[in-house]
*Asks:* 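Got a structure for you, written out below as structure tokens; questions coming shortly.
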Amino acid sequence: MIVVDSNVVAYLYLPGEHTAKAEALLEQDGDWVAPVLWRSEFRNILAGYIRRKTLTFAQACGVQSEAEDLLAGSEFEVESKAVLELVRDSDCSAYDCEFVALAMKLQVKLITMDAKLLKSFPKHAVSLAAG
């Protein structure tokens, strides 16, 4: 089991330079989990693709649905106090700290490409690129 950041989910479904690594990660460990927040972050990523006309509305809806299917039953709420403690001790946003809080709660690694998370939480966050 691993916690995946929204950017890792995006790399899996939106072809780019890190897609092969995201696919390899899924093959290596298919038990992906995330805080419920991932849905909103992923929708925001898709919004950018829609606005840049890289994806149609229908394509974006399809990608969102596929990603939700992947993480169905693997979404967790996190405790606000745990998130705020991580915010207090770092320069990371509360949104990003939700992923770290979940990784800590489940005692697993967070896979991300977020440089700030990787720097702030080296014991819990691992780069997708390192895999």
*Asks:* Can a donor-acceptor pair be found, under 3.5 Å and without considering hydrogens, that links the side chain of Ser127 to the backbone of Met113?
*Replies:* no
*Asks:* For atom CG of Asp91, is the number of surrounding heavy atoms from other residues, nucleotides or ligands below 6.0 Å larger than 12?
*Replies:*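 At most 12 heavy atoms, drawn from other residues, nucleotides or ligands, come within 6.0 Å of this atom.
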*Asks:* After noting the C-alpha distance and the side-chain angles of Val9 and Arg39, does the key distance pass the side-chain contact (heavy atoms from CB on, under 4.5 Å) rule?
*Replies:* CA-CA 10 Å; Val9 178; Arg39 288 176 180 242; over 6 Å; no
*Asks:* Do Tyr11 and Leu25 touch side chain to side chain, with heavy atoms closer than 4.5 Å?
*Replies:*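 No, side chains not in contact.
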*Asks:* Are there more than 12 heavy atoms of other residues, nucleotides or ligands under 6.0 Å from atom CZ of Arg52?
*Replies:* yes
*Asks:* Taking all non-hydrogen atoms of both residues, which atom of Asn7 and which atom of Asp114 are closest, and how far apart?
*Replies:*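 Where Asn7 meets Asp114 most closely, the heavy atoms are ND2-N, 3.6 Å.
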*Asks:* Give the minimum heavy-atom separation between Ile45 and Ala10, together with the two atoms involved.
*Replies:*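 Residues Ile45 and Ala10, closest heavy atoms: CD1-CB, 3.9 Å.
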*Asks:* Take Leu37 and Phe99, measure what side-chain contact (heavy atoms from CB on, under 4.5 Å) needs, and give me the verdict at the end.
*Replies:* CA-CA 9 Å; Leu37 171 74; Phe99 291 86; 4.1 Å; yes
*Asks:* Restricting to non-hydrogen atoms, name the atom on Val83 and the atom on Ala94 that form the minimum distance, rounded to 0.1 Å.
*Replies:* CG1-O, 3.5 Å
*Asks:* Side chain of Lys105, backbone of Val100: donor and acceptor closer than 3.5 Å?
*Replies:* no
*Asks:* With side chains defined as the heavy atoms from C-beta onward, is the minimum distance between Leu14 and Leu55 less than 4.5 Å?
*Replies:*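 They are in contact (side-chain heavy atoms under 4.5 Å apart), so the answer is yes.
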*Asks:* Take atom CD in Glu79; do more than 12 heavy atoms of anything else shown fall under 6.0 Å from it?
*Replies:*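 Open: at most 12 neighbouring heavy atoms sit under 6.0 Å from CD of Glu79.
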*Asks:* Between Leu70 and Leu128, is there shared hydrophobic-cluster membership here, with clusters defined by ILVMFWY side-chain heavy atoms closer than 4.5 Å?
*Replies:*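 Yes, it is one cluster - the side chains of Leu70 and Leu128 are joined through contacts under 4.5 Å.
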*Asks:* Are any non-hydrogen side-chain atoms of Leu106 and Met1 less than 4.5 angstrom apart?
*Replies:*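 Yes, side chains in contact.
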*Asks:* Would you please test Glu75 and Val33 for side-chain contact (heavy atoms from CB on, under 4.5 Å) and show each step?
*Replies:* CA-CA 6 Å; Glu75 300 165 288; Val33 300; over 6 Å; no
*Asks:* Could you tell me if the side chain of Tyr95 sits less than 4.5 Å from the side chain of Ser6, heavy atoms only?
*Replies:*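 No, side chains not in contact.
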*Asks:* Would you check if Leu12 and Glu23 make a side-chain contact, meaning some heavy-atom pair closer than 4.5 Å?
*Replies:*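 Result yes, sub-4.5 Å side-chain heavy-atom pair found.
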*Asks:* A quick test of your reading: do over 12 heavy atoms of other residues, nucleotides or ligands sit less than 6.0 Å from CZ of Phe76?
*Replies:* yes
*Asks:* Please lay out, stage by stage, how Gln64 and Leu46 fare under the test side-chain contact (heavy atoms from CB on, under 4.5 Å).
*Replies:* CA-CA 8 Å; Gln64 181 73 34; Leu46 292 174; 3.3 Å; yes
*Asks:* With sequence neighbours excluded, tell me which residues meet ring pair (Phe, Tyr, Trp, His ring centres under 6.0 Å) with His124.
*Replies:* none
*Asks:* Does any part of the side chain of Ile111, heavy atoms only, come nearer than 4.5 Å to the side chain of Asp29, both counted from C-beta?
*Replies:* no
*Asks:* Under the rule for ring pair (Phe, Tyr, Trp, His ring centres under 6.0 Å), what residues qualify as partners of Phe42, not counting sequence neighbours?
*Replies:* Trp38
*Asks:* Shared ILVMFWY cluster between Val108 and Leu117, side chains joined below 4.5 angstrom?
*Replies:* yes
